[in-house]
Amino acid sequence: QVQLVESGGGLVQAGGSLRLSCAASRRTFRTYAKAWFRQAPGKEREFVAAISWSGSNTYYADSVKGRFSISRENAKNTVYLQMNSLKSEDTAVYYCAATSGTAQAMDVTPTSSLYWGQGTQVTVSS
């Protein structure tokens, strides 16, 4: 049963913007920390951004700081990733993840301990 569903991916030119969404079907996910990861062809999955369950705390990979913004609407059980000033190296499949643990640790939490969506493709053309 798919519990996290990503949307909003697509093809965009370098310098453009996209907004990804991740809708959760499981009610308890409203109190879970959430994160976005991405995986480019031939590369390992990497952490992008995380947000605490309340939305008060956010964390970013250095490669996206100042360009990406993570947010959430618990009433809609949805987390977002606003991506601005996109670069060709941002091209990847973007995955949403959830955990009952802390957002701060999501970049080092074993992947098997996280709930995952199926991913959405983001392609940035140069």
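One-based numbering along the sequence shown. All heavy atoms count here, side chains included; hydrogens, waters and symmetry mates do not.
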How close do [X] and [Y] get, heavy atom to heavy atom, and via which atoms?
X    : Y    : result
L81  : A49  : CD1-CB, 4.3 Å
S85  : R67  : O-NH1, 3.0 Å
A103 : A50  : O-CB, 3.6 Å
F68  : V48  : CD2-CG1, 3.8 Å
A97  : M106 : O-CE, 3.9 Å
N74  : R30  : O-CD, 3.4 Å

Side chain of [X], backbone of [Y]: donor and acceptor closer than 3.5 Å?
X    : Y    : result
T28  : R26  : no
N57  : S52  : no
T109 : A105 : yes
E73  : N77  : no

Cation-aromatic face contact R45/W116, 6.0 Å, 45 degrees: yes

Atom [atom1] of [X] and atom [atom2] of [Y]: how far apart are they, to the nearest 0.5 Å?
X    : Y   : atom1 : atom2 : value
C96  : I70 : SG    : CD1   : 8.0 Å
S69  : N84 : OG    : CG    : 8.0 Å
Y115 : Q3  : OH    : CD    : 6.5 Å
S25  : L4  : OG    : CG    : 7.0 Å

Side-chain donor-acceptor pair present, Y94, Q121, cut-off under 3.5 Å: no

Over 12 non-hydrogen atoms of neighbours within 6.0 angstrom of CD in E89: yes

L18 vs L86, side chain to side chain contact (heavy atoms under 4.5 Å, CB included): CA-CA, chis, key distance, verdict: CA-CA 8 Å; L18 278 177; L86 283 162; 4.2 Å; yes

Test side chain to side chain contact (heavy atoms under 4.5 Å, CB included) applied to V64 and M83, R38, K87, the passing residue: R38

Result of checking V93, L20, T91 against V122 for side chain to side chain contact (heavy atoms under 4.5 Å, CB included): L20

Compare all side-chain heavy atoms of [X] with those of [Y] and state whether any distance is below 4.5 angstrom.
X    : Y   : result
Q118 : Y95 : no
S71  : Q82 : no
T120 : S7  : no

Hydrophobic cluster identity match, Y80 and W36, side-chain contacts under 4.5 Å: no

Proximity of F37 and F47 rings by center, below 6.0 Å: yes

Partners passing salt bridge (Lys or Arg N to Asp or Glu O under 4.0 Å) against R19 (at least two apart in sequence or in another chain): none

Criterion side chain to side chain contact (heavy atoms under 4.5 Å, CB included) on K34 and W53, from CA distance to verdict: CA-CA 7 Å; K34 302 274 180 59; W53 75 268; over 6 Å; no

Cationic N near anionic O, under 4.0 Å, D62 to K65: yes

